[in-house]
Amino acid sequence: MESLKDLEEHIGDCHRCPLGDTRTHLVFGVGREDADIMFVGEAPGRNEDLKGEPFVGAAGRLLDELLASIGLDREDVYIANILKCRPPGNRNPQQVEIDTCTPFLREQVRLVSPRVIVTLGNFATRFVLKTTESITRMRGTVQQAGHFTVLPIYHPAAALYDGSKRDVLFADLALLGQMCEASQATEQRERP
Ligand code: URA
């Protein structure tokens, strides 16, 4: 696969798992093909399923605020999910769905090749870091997965349910902002 477009075409009108029968739209992902930062969420919710785009509901509005807090908007990054189709009633992703769908996420990561992958919540963090640790323990810690730097943070939806997580999320985004500044400074120093 040479581009995200090739990949999207390859996925097509997917029915590789039963979620293909219940979804409205497959939610492939959005953003820059050459983004330095990639956000990985869990699965489309109702609004995303209707629109075919990730993070367009209330959690998405908070994600936009978080991005704005470090001077970014969604056109600067790439956003995808562990699952490309909505689990009915927003239930948790099942292992068979994760196993069927994540080869496509891996391919998105390979094609975008971001400097930093920000995992949103437990499912994305556990998948990307191959860990069973909870997001409460992992959040705000800089991790490595192969040659990718990974920053786990709370899922924005968690902060909508539990307001005390909001400040923590903004603090973790500030850390992301610092990581980006540091890598830009290194890049400038290394430029001939
Ligand atoms: N929650 C997610 O994890 N992903 C979305 O796209 C929307 C809500």
Side-chain angles (χ1 to χ4, degrees), residues 4 7-8 11 14 17 19-20 22-33 35 37-69 72-109 111-112 114 116-129 131 133-136 138-140 145 150-163 165-166 168-170 172-173 176:
L4 292 171
L7 177 63
E8 195 167 5
I11 296 173
C14 186
C17 88
L19 296 182
T22 50
R23 64 145 195 262
T24 313
H25 288 110
L26 183 148
V27 179
F28 177 72
V30 283
R32 290 178 67 121
E33 183 130 16
I37 306 172
M38 179 162 176
F39 286 81
V40 179
E42 184 175 314
R46 185 167 177 276
N47 294 296
E48 291 76 21
D49 175 64
L50 292 174
K51 205 159 171 208
E53 202 180 311
F55 285 98
V56 291
R61 284 192 289 282
L62 180 52
L63 182 60
D64 288 341
E65 273 185 57
L66 287 160
L67 288 169
S69 73
L72 297 176
D73 61 38
R74 57 172 69 208
E75 280 78 43
D76 297 316
V77 301
Y78 192 81
I79 306 173
N81 283 307
I82 293 288
L83 297 188
K84 304 219 170 325
C85 296
R86 181 190 186 210
N90 294 353
R91 64 157 169 73
N92 285 340
Q94 292 176 353
Q95 195 56 45
V96 62
E97 295 159 357
I98 296 174
D99 292 345
T100 308
C101 207
T102 47
F104 305 131
L105 176 66
R106 281 180 196 285
E107 194 60 11
Q108 282 170 303
V109 171
L111 289 164
V112 175
V116 183
I117 301 174
V118 182
T119 54
L120 305 173
N122 267 320
F123 278 92
T125 302
R126 287 178 175 160
F127 173 73
V128 172
L129 291 177
T131 181
E133 287 287 4
S134 74
I135 188 63
T136 308
M138 300 296 285
R139 59 135 286 276
V150 180
L151 177 67
I153 67 173
Y154 282 134
H155 194 291
L160 298 177
Y161 290 114
D162 173 0
K165 293 197 165 82
R166 201 182 147 90
V168 180
L169 253 181
F170 277 92
D172 289 348
L173 256 280
L176 175 66

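FYI, the numbering just counts along the sequence from 1. Atoms within each ligand, like the ligands themselves, are counted from 1 in listed order.
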*Non-hydrogen atom of E53 closer than 4.0 Å to ligand 1*: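 Per 4.0 Å heavy-atom rule, E53 does not contact ligand 1.
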*CG/L26 to CD/E48 distance, rounded to the nearest 0.5 angstrom?*
13.0 Å
*Could you grab the distance from atom CG of D99 to atom CD of Q94, nearest 0.5 Å is fine?*
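Taking CG in D99 and CD in Q94, the distance rounds to 11.0 Å.
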Taking 4.0 angstrom as the limit and counting only heavy atoms of [X], give me the atoms of ligand 1 inside it, by number and element.
| X | answer |
| --- | --- |
| H155 | 1 (N), 2 (C), 3 (O) |
| P54 | 6 (O) |
| G41 | 3 (O) |

*Looking only at protein heavy atoms, which one is nearest to atom 2 (C) of ligand 1, and how far off is it?*
A43 O, 3.1 Å
*Who's the nearest protein heavy-atom neighbour of atom 4 (N) of ligand 1, and how far?*
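Checked against all protein heavy atoms, atom 4 (N) of ligand 1 sits closest to N81 OD1, 2.8 Å.
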*asked:* My understanding is that only one of N92, N90, L83 makes a side-chain contact (heavy atoms from CB on, under 4.5 Å) with E42; could you say which?
replied: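 Testing each of N92, N90, L83 against E42, the sole residue satisfying side-chain contact (heavy atoms from CB on, under 4.5 Å) is N92.
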_So which atom in Y154 and which in L169 form the shortest heavy-atom distance, rounded to 0.1 Å?_
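Closest approach of Y154 to L169: O-CD2, 3.3 Å.
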*Work out which heavy atom in G41 is nearest to a heavy atom in A124; give both atom names and the distance.*
O-CB, 3.8 Å
*Heavy atoms, side chains only, cut-off 4.5 Å: are Q108 and L7 in contact?*
yes
*May I ask you to test the V40-I82 pair for a side-chain heavy-atom distance under 4.5 Å?*
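Heavy-atom side-chain distance check passes, below 4.5 Å.
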*Could you tell me whether E42 approaches ligand 1 through its side chain, its backbone, both or neither, with non-hydrogen atoms closer than 4.0 Å?*
both
*Where does A59 meet ligand 1, judged by heavy-atom distances below 4.0 Å: at the side chain, the backbone, both, or neither?*
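Neither; no heavy atom under 4.0 Å.
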*Mind checking whether E48 has an N or O less than 3.5 Å away from an N or O of ligand 1?*
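No, E48 has no N/O under 3.5 Å of an N/O on ligand 1.
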